[in-house]
Amino acid sequence: MEKQTDTKVACHRRIILFPLPYQGHINPMLQLANLLYSKGFSITILHTNFNKPKTSNYPHFTFRFILDNDPHDERYSKLPSQGLGSFARIILFNECGADELRHQLELELSKKDEPPVSCLVTDALWHFTQSVADSLSLPRLVLRTSSLFCFPIYASIPLFHDLGYLNLSENNHSDYEASVPEYPLLKFKDIVKITSNPQGMGDFVTNMLNQMKASSGIIWNTFKELEESSLETLSQDFPTPSFTLGPFHKYFPASSSSLIEQDRTIISWLDKQPPKSVVYVSYGSGARITESEFQEVAHGLANISLPFLWVVRPGMVTGSEWVESLPENFKERVGDRGRIVKWSPQQEVLAHPATGCFWTHNGWNSTLESICEGVPMICSPCYVDQPVNARYVSDVWKIGVMLEDGIERVGIEMGIKRVMMDKEGEEIRERISCLKEKVNVSLDEGGSSFQSLNNLVDYISSF
Ligand code: UDP
């Protein structure tokens, strides 16, 4: 499954990387760090104590913990760790983190016993880091962990807000289902899901985009052939150098940076299921659903005759610890046909021959992981980039189906049937298999991602 990179002789330069402390951001940043390490760079990771990855999995990296080292500072301890509320932590650190980051970087830059620092690589959402890097004359590269195509949509959030698009109510059904004039591919119901705080999100993305423009370059976890037209538009509007060298997980799996222990017992259960028969259900690390949606999922899965593997992350269901609100008789109805786990080794599950489809929230990592294994998707996006990613999956690439009416049992059964039993599902599988092939070509020697990785290494070496 994993691609090998040419390991170059160490060039005695160091790169400092600073991920956003959430699973979907930590995974690609640590994968990128491994890629750069394989190309000969020394690696220092700056991280918060919140959601710190298992450092013993990275003995070849140096970790420094910053921003929330004071256990008595109540500003951090009270912040929510899941769902949209977790955004408050990002806003807080962007507002108050500059002095501490500058101090830490000064220490790193002054170390005589370590290789000199070539550049800082930060998550795009750490927009405060650009002015800090500028003040130290340190080049800053940005890692954007989502799709390229959601970029112009994010840039349009202030406009959507001014036009009143983001305040539409589900009750006004005809508006809700209509296409957005500026982006006919998207429906109003897609863009209202992006944020519940249009003013705050609009201000945030404006800062993020300005500081991306001011950076020395942008690294995207995608591959050219998947998003060619978006890449062309971007390079016209955005002169900053761009590097599309993904999908990173094809080089290094996400398992080593998993914040929750992955339940590996399910692999032997998957081994006993018929090929392409299992419905894999997971909504990633942050999305939350209501208790009634949780029960609808349970009914939908109980009503189909297929085996399923369902990831229910503790805290995922609002108001519940874990699976207390499962409907009565669920376990009796389902028996050994269904398994519920707290967290799965997702890449291995998707690569398993028994997995037939992925019912996903369309986080960007999950979407890429599904494409790379050629697994058709059922889309239930929750927020931020997910509704846009899901629309591309269902309506542009046509490699999945959208649950248009949200999470309710009849739609769920129909969605699963379309993908797993109907002719439409076979066509979807053919299309996603073609994309899987394109990924492999892009990563092979001479392919677009392979080339872009080399370009990035040359670029960083030129600093
Ligand atoms: N993941 C995992 N086990 C699970 C569910 C998810 O290891 O049970 C990993 C998944 O492989 C992916 C990441 O968690 O790399 C989730 O990232 P994504 O961008 O899809 O969603 P987010 O968590 O940011 O909403």
Side-chain angles (χ1 to χ4, degrees), residues 1-2 19-32 34 51 53-54 57 81-87 89-90 123-125 143-147 150 193-194 220-222 246-267 269-270 278-289 308-316 322-323 339-352 355 358-373 375 377-390 392-393 400:
M1 184 164 72
E2 288 150 46
L20 203 80
Y22 291 95
Q23 188 75 76
H25 294 254
I26 295 170
N27 288 357
M29 186 66 95
L30 292 187
Q31 288 158 347
L32 175 66
N34 262 330
N51 274 351
K54 204 169 172 188
N57 286 342
S81 60
Q82 298 192 22
L84 264 180
S86 56
F87 210 68
R89 186 179 309 269
I90 304 168
D123 195 287
L125 274 67
L143 171 62
R144 181 68 187 124
T145 59
S146 188
S147 52
C150 90
K193 273 192 190 155
I194 293 176
W220 301 87
N221 186 15
T222 189
F248 304 161
H249 75 273
K250 289 290 282 181
Y251 293 98
F252 298 97
S255 51
S256 50
S257 50
S258 195
L259 298 170
I260 311 178
E261 195 174 345
Q262 298 179 324
D263 185 337
R264 305 195 53 78
T265 63
I266 41 129
I267 299 294
W269 176 83
L270 279 173
V278 174
V279 179
Y280 171 57
V281 189
S282 172
Y283 304 143
S285 64
R288 305 186 81 190
I289 56 174
F308 62 86
L309 170 61
W310 183 11
V311 178
V312 182
R313 208 182 61 243
M316 183 185 97
W322 191 39
V323 293
R339 286 286 303 268
I340 298 181
V341 293
K342 291 183 175 164
W343 196 243
S344 78
Q346 178 161 301
Q347 263 179 256
E348 275 174 77
V349 170
L350 290 170
H352 197 286
T355 301
F358 182 13
W359 179 5
T360 170
H361 70 314
N362 287 112
W364 186 237
N365 295 290
S366 294
T367 304
L368 283 177
E369 287 161 8
S370 210
I371 289 173
C372 289
E373 300 307 334
V375 176
M377 285 169 259
I378 297 169
C379 308
S380 284
C382 293
Y383 52 48
V384 287
D385 59 334
Q386 299 156 16
V388 186
N389 299 340
Y392 265 73
V393 165

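Model, not experiment: these values are computed from the prediction. Both ligands and their constituent atoms are indexed starting at 1 by order of listing.
Taking a cut-off of under 4.0 Å to the non-hydrogen atoms of S366, the atoms of ligand 1 that pass are 18 (P), 20 (O). When each atom of ligand 1 is checked for a heavy atom of N27 under 4.0 Å away, the hits are 12 (C), 13 (C), 14 (O), 15 (O). Ligand-side atoms of ligand 1 in range of W364: 19 (O), range being under 4.0 angstrom from any heavy atom. Set against the non-hydrogen atoms of V311, the atoms of ligand 1 under 4.0 Å away are 8 (O). Per-residue contacts place S344 under 4.0 angstrom from the following atoms of ligand 1 (heavy atoms of the residue considered): 2 (C), 3 (N), 4 (C), 7 (O), 8 (O). Listed by number with element, the atoms of ligand 1 under 4.0 Å from a non-hydrogen atom of G363 are 18 (P), 19 (O), 20 (O), 21 (O). For ligand 1 and G284, the ligand atoms under 4.0 Å from any heavy atom of the residue are 23 (O). Ligand 1 places these atoms under 4.0 Å from at least one heavy atom of Q23: 14 (O).
Nearest heavy-atom pair, M377 versus S370, reported as atom, atom and distance to 0.1 Å: CG-OG, 3.5 Å. Residues E261 and W343 come closest through the heavy atom pair O-CB, 3.6 Å. Smallest separation of non-hydrogen atoms from R264 and P345: NH1-CB, 3.7 Å. The minimum heavy-atom distance linking I260 with R313 is given by the pair CD1-CG, 3.8 Å.
Distances shorter than 4.0 angstrom occur between a heavy atom of S282 and an atom of ligand 1. For H361, the closest heavy-atom approach to ligand 1 falls below 4.0 Å.
There is no side-chain donor-acceptor pair under 3.5 Å between Y392 and T367. Side-chain contact of D263 with T265: a donor-acceptor pair under 3.5 Å is present, judged by distance alone. S255 and Q347 are not linked by any side-chain donor-acceptor pair at a separation below 3.5 angstrom, with hydrogens and angles left out of the test. Residues N221 and T145 have side chains that never bring a donor and an acceptor to within less than 3.5 angstrom of each other.
The CD1 atom of I289 sits 9.0 Å away from the OG atom of S380 when rounded to the nearest 0.5 Å. Here M29 contributes atom CE and L20 contributes atom CG; the two are 8.5 Å apart, rounded to the nearest 0.5 Å.
For the residues H249, Q346, Q347, Q386, the heavy atom positioned nearest atom 5 (C) of ligand 1 is part of Q346.
With hydrogens left out, the protein atom closest to atom 23 (O) of ligand 1 is S285 OG, 2.4 Å, a heavy atom. When only non-hydrogen protein atoms are considered, atom 24 (O) of ligand 1 lies nearest to G24 CA, 3.3 Å. The protein heavy atom nearest to atom 19 (O) of ligand 1 is N365 ND2, 2.8 Å.
Between E369 and ligand 1, an N or O atom pair is found at a separation short of 3.5 Å. Checked by distance only, ligand 1 and Q262 come closer than 3.5 Å through their nitrogen or oxygen atoms.
At a heavy-atom cutoff of 4.0 Å, ligand 1 is contacted by both the backbone and the side chain of W343.
Within the 4.5 Å cutoff, the side chain of R144 has heavy atoms near those of the L125 side chain.
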